[in-house]
Protein chains: 2
Amino acid sequence: MLLSKGCIYGLRSSLFLASQENDGYVSIREISEKLDISFHFLTKILQQLTSTGLMESHKGPKGGIRLTKSGSEVNLFEIVAAIDGVELFTECALGLPGCGVKKPCPLHEKWAGTRDGIRYMLENTNLMELAKKGKEQNLRITEHGGFEWLLNNDCNDAS
Amino acid sequence: MLLSKGCIYGLRSSLFLASQENDGYVSIREISEKLDISFHFLTKILQQLTSTGLMESHKGPKGGIRLTKSGSEVNLFEIVAAIDGVELFTECALGLPGCGVKKPCPLHEKWAGTRDGIRYMLENTNLMELAKKGKEQNLRITEHGGFEWLLNNDCNDAS
DNA sequence: GAGTTTTAAGAGTATTTTGTCTTAATTTAA
DNA sequence: TTAAATTAAGACAAAATACTCTTAAAACTC
């Protein structure tokens, strides 16, 4: 698996926040229910994003979490790096410590190119463009629910 | 981590076998000692490669394991797929089941392109070219040892 | 055929990842 | 000022991954 579960949850949550119409706090409980993610686990993931400054949280009623910057200013690499770290983008494909141009493994050059391709894609994709696309085309952000349903329904809705 | 430890061990072992001068059986014990991999663990990994037909094994003295095809006919994708499976190359970056052109997530297109890039690199890299490169430039195949040392020393060597 | 060398197979252990539960601290609002 | 709502933090549990150990089966050598 390329990204850890926590990282995937972090990306989905970030995308959800970026697709909100207003920029107020959204409670983690709501995110966890709408995205079908374990509440307590998500809490810990999002703490990593607040500790790195990508999000800010607020306690109490009307509290929750929100992006510190506009979705258009946050790229996916920032989120991945905050949760999974940058090892994926620095490590050797054959697992050799310290693999690099100075002491390469036979696969180093090719892998470095591919690795940079992943990084480039993540760095050049921001939350806003994904949220826009998701809303316009009502794409999925959870197993069964698209953006449309997600943004127009309360959790408590019986429907 | 992109590849599991087992997969990395499988790749290193395959590369080691492809770099042998003769095509006889090499004992798993020798591979495990030279590549510094746990013997019993490696045994299980290589069993996956023999069960998929990429390698063949032989018991008893003079036994061991060897590639069924020439190193130039084995690409890295075959090895990765045999050990880690093809999920990496089919799964959604956001973890949504069944993500694809029909029911995409907002990231699907971009991720599919990147994913195919990884696959393309693996499919278009064969063991022989890596072994050749490794031997010519005496690159590393283990943390401290290069190809040269590896191929010219017996395990029992006191040196 | 007996003994040795090797892979095969399975049970068991350790570590990491993933997820759960409880309590504390903070904030709002009645 | 009390109660409710929320995040923060830490202990705990489950599952997956990584690794170890023991025994069995096969093949070679004498």
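To find a chain, count down the sequence lines: A is the first, B the second, and so on, and within it residues start at 1.
Between D:dC19 and B:Tyr9, a contact under 4.0 Å exists linking OP1 or OP2 to a side-chain N or O. Taking only side-chain nitrogens and oxygens, A:Ser57 never comes nearer than 4.0 Å to OP1 or OP2 of D:dT7. Distances shorter than 4.0 Å separate none of the side-chain N or O atoms of A:Lys62 from OP1 or OP2 on D:dT6. The side chain of A:Ser27 places no N or O atom within less than 4.0 Å of a non-bridging phosphate oxygen (OP1 or OP2) of D:dT6.
B:Ile31 and B:Leu17 get closest at one heavy-atom pair: CD1-CD2, 4.1 Å. The two residues B:Leu127 and B:Leu15 have their closest heavy-atom pair at O-CD1, 3.8 Å.
In this structure, B:Ile45 atom CD1 and C:dA8 atom C1' are separated by 14 Å, rounded to whole Å. Taking atom CD of residue B:Gln48 and atom C1' of nucleotide C:dT7, one finds them 15 Å apart after rounding to whole Å. The interatomic distance linking A:Lys59 (NZ) with C:dA29 (P) rounds to 17 Å, in whole Å. Rounded to an integer number of Å, the gap from CG of B:Leu46 to P of C:dT6 is 15 Å. Following rounding to the nearest Å, B:Phe39 (CZ) and D:dA18 (P) show an atom-to-atom distance of 20 Å. Atom-to-atom, CD of B:Glu56 to P of D:dA26 comes out at 18 Å; the value is rounded to the nearest Å. Distance B:Asp84 CG to D:dT17 P: 9 Å, rounded to the nearest Å. In this structure, B:His58 atom NE2 and D:dA26 atom C1' are separated by 9 Å, rounded to whole Å.
Cation-pi contact between A:Arg115 and A:Phe89: absent, since separation from the ring centre below 6.0 Å together with deviation from the ring axis within 45° is not met.
Residues B:Lys44 and A:Thr43 both approach DNA chain D. Their nearest nucleotides, taken by heavy-atom distance, put A:Thr43 toward the 5′ side. Mapping B:Val26 and A:Ser38 onto DNA chain C by nearest heavy atom places B:Val26 at the nucleotide closer to the 5' end.
Of the listed nucleotides (D:dA18, D:dA4, D:dA8), D:dA18 has the atom at the smallest distance from the side chain of B:Ser4.
Side-chain contact between B:Glu56 and B:Arg66 is present, with heavy atoms from C-beta onward closer than 4.5 Å. In this structure, B:Lys133 and A:Glu109 have side chains that are in contact, with non-hydrogen atoms separated by less than 4.5 Å.
Contact of B:His40 with D:dC19 (side chain to base): no donor-acceptor pair of N or O atoms is detected under 3.5 Å.
At the heavy-atom level, B:Tyr25 lies nowhere under 4.0 Å from the strands shown.
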